[in-house]
Amino acid sequence: MRIRELREFNNIQQKELASILEISPNSLSQYENNKREPSIDIVSKIADYFNVSADCVYGTSDITTCKKCGLTYMPLNAQDKSVHDQLHSLWETAIKRHGTLYSNTVENERLKAENRTIVQDTSKPLEDRYNAQKIVFKCLFSKSLDASNYNEKHVDFSTYISMLLNQESTKKKLPIEIYELFVKEYGRQAGIPNGETYYYPYNDAPQTIAAHFDGDEYTEEELEKIREFAAFVKASRR
């Protein structure tokens, strides 16, 4: 058990944590000294309070994934915790600005898979399929924000959708009736290169990378490699 480690690392007094867990200080002391095994419910409360996994509380894993912002880090490592706290603060600010975000990778992937299935199911009402695609867009938007470290210059959700709708790849993937509904509501505008889903807020026109090269001189595959390399260089600025 790592209850004592988690408590002391976070500068929490034993009496204070016991009160939060609604147990006696004596019971907590027994848990910390491995004289008594806490119930699953108590372990869950401890994990929720310190925002770590149950495995971390049991001591079977050194890492945890924040249930909210989605960052995987070592909660008992001062540098890792500092990085998480900073990113988590930025995530909370982003939530206030953009609403619900699906930053946890497992949840994000599950929602994308489930809702993409709904989008393609023509037996479903059009409204349900449209709303399902909106969730898919929100999942992609969430990961784009995450990749930018929740940069305040990242475009809003509506603008992000319009940028994806401007891509030929998005048009090919979506059923035409769904695509046209989104275009009618959000329009289209340049901003994200075809086939990509990340918006780079430190470059006002990331889609123009290839414009610096003669299209007759480079193949589309070569231009895509140029875009990927440029994205890698820009990412190193963060």
Side-chain angles (χ1 to χ4, degrees), residues 65 67-70 91 94-151 153-201 203-211 215 218-232 234-235:
T65 297
K67 299 173 184 177
K68 297 179 180 178
C69 73
W91 174 84
I95 286 287
K96 293 176 183 176
R97 182 182 299 120
H98 303 291
T100 301
L101 295 175
Y102 304 114
S103 304
N104 184 287
T105 299
V106 174
E107 178 190 33
N108 188 290
E109 293 300 320
R110 176 183 62 78
L111 285 171
K112 279 193 296 186
E114 289 177 354
N115 285 282
R116 279 172 172 160
T117 298
I118 295 172
V119 171
Q120 298 298 330
D121 187 351
T122 55
S123 69
K124 300 283 187 184
L126 187 59
E127 183 179 0
D128 290 353
R129 296 167 65 206
Y130 176 86
N131 289 333
Q133 181 57 43
K134 201 166 187 177
I135 292 175
V136 173
F137 280 145
K138 196 60 177 285
C139 286
L140 297 174
F141 177 73
S142 299
K143 300 309 290 184
S144 180
L145 269 171
D146 176 62
S148 75
N149 285 340
Y150 302 101
N151 192 305
K153 294 183 179 179
H154 194 288
V155 296
D156 62 23
F157 185 45
S158 295
T159 302
Y160 178 81
I161 291 178
S162 70
M163 288 179 174
L164 290 187
L165 293 173
N166 194 55
Q167 299 179 358
E168 191 63 30
S169 58
T170 300
K171 186 176 182 179
K172 288 180 179 179
K173 290 176 183 176
L174 292 181
I176 189 61
E177 64 274 19
I178 299 295
Y179 177 80
E180 289 179 346
L181 280 175
F182 272 99
V183 170
K184 183 178 180 180
E185 181 171 352
Y186 295 97
R188 298 184 301 176
Q189 64 177 293
I192 301 176
N194 187 52
E196 297 183 20
T197 57
Y198 287 175
Y199 172 77
Y200 300 105
N203 186 334
D204 291 333
Q207 78 283 1
T208 63
I209 295 169
Y218 295 92
T219 66
E220 182 57 36
E221 183 179 353
E222 290 169 335
L223 289 173
E224 185 59 32
K225 289 181 179 179
I226 291 172
R227 295 187 189 103
E228 290 175 357
F229 178 71
F232 169 76
K234 291 169 188 170

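When reading the values below, keep in mind they use all heavy atoms of this one structure, side chains included, and skip hydrogens, waters and symmetry mates.
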Contacts of S123 meeting side-chain hydrogen bond (donor to acceptor under 3.5 Å, both in side chains) (sequence neighbours excluded), chain-then-number -> D121
Here the gap from Q120 atom CD to I118 atom CD1, rounded to the nearest 0.5 Å, amounts to 11.5 Å
Charged N-O contact under 4.0 Å between E114 and R110: yes
Test item: N131 side-chain N/O and E127 main-chain N/O as donor-acceptor pair under 3.5 Å
yes
The reported gap from OG1 in T170 to CD in Q133 (rounded to nearest 0.5 angstrom) is 8.5 Å
So CG of L174 and NZ of K172: to nearest 0.5 Å the spacing works out to 13.0 Å
Looking only at heavy atoms, the pair that brings L111 and C139 closest together is CB-SG, 3.7 Å
So CG of L145 and OH of Y199: to nearest 0.5 Å the spacing works out to 11.0 Å
Contacts of E185 meeting salt bridge (charged side-chain N to carboxylate O under 4.0 Å, His left out) (sequence neighbours excluded), chain-then-number -> none
Between T197 and L164 the two heavy atoms that sit nearest each other are CA-CD2, 4.3 Å
Scanning both residues in full, the closest heavy-atom pair of S103 with S142 reads N-CB, 4.4 Å
Smallest heavy-atom separation, G195 atom then S169 atom, equals N-OG, 3.2 Å
Closest non-hydrogen atoms of R129 and E177, given as atom of the first, atom of the second and distance, are NH2-OE2, 2.9 Å
So CG of N104 and CD of E109: to nearest 0.5 Å the spacing works out to 10.5 Å
- Query: Crowded around K68 NZ? As in, over 12 foreign heavy atoms under 6.0 Å?
  - Reply: no
side-chain hydrogen bond (donor to acceptor under 3.5 Å, both in side chains) filter on K173, not counting sequence neighbours, yields none
What one should report as the nearest heavy-atom pair of L165 and R188 is O-CD, 3.3 Å
query = Quick one: does S144's side chain have a donor or acceptor within less than 3.5 Å of a partner on L140's backbone?
reply = no
Exercise for review: Begin from the C-alpha positions of D156 and R97 and carry the test side-chain contact (heavy atoms from CB on, under 4.5 Å) through to its verdict.
Suggested key: CA-CA 8 Å; D156 62 23; R97 182 182 299 120; over 6 Å; no
Item to complete: Flag yes if more than 12 heavy atoms outside K112 fall under 6.0 Å of its NZ atom; otherwise flag no.
Response: yes
Considering only heavy atoms from C-beta outward, does the side chain of N166 approach that of Q189 to under 4.5 Å? no
Under 4.0 Å between a Lys/Arg side-chain N and an Asp/Glu carboxylate O for E168 and K171? no
R116 meets the salt bridge (charged side-chain N to carboxylate O under 4.0 Å, His left out) criterion, sequence neighbours left out, with none
Report task. Evaluate the ring planes of F182 and Y186, with Trp represented by its six-membered ring, and classify them as parallel (under 30°), tilted (30 to 60°) or perpendicular (over 60°). Result -> parallel
Distance col, row L101:CG vs Y150:OH, nearest 0.5 angstrom, shows 6.5 Å
Sequence neighbours excluded, the answer for ring pair (Phe, Tyr, Trp, His ring centres under 6.0 Å) partners of F141 is H98, H154, F157, Y160
L126 and I178: side-chain contact (heavy atoms from CB on, under 4.5 Å), yes or no, with the steps?
CA-CA 8 Å; L126 187 59; I178 299 295; 3.6 Å; yes
The ring pair (Phe, Tyr, Trp, His ring centres under 6.0 Å) partners of Y102 (sequence neighbours excluded) come to none
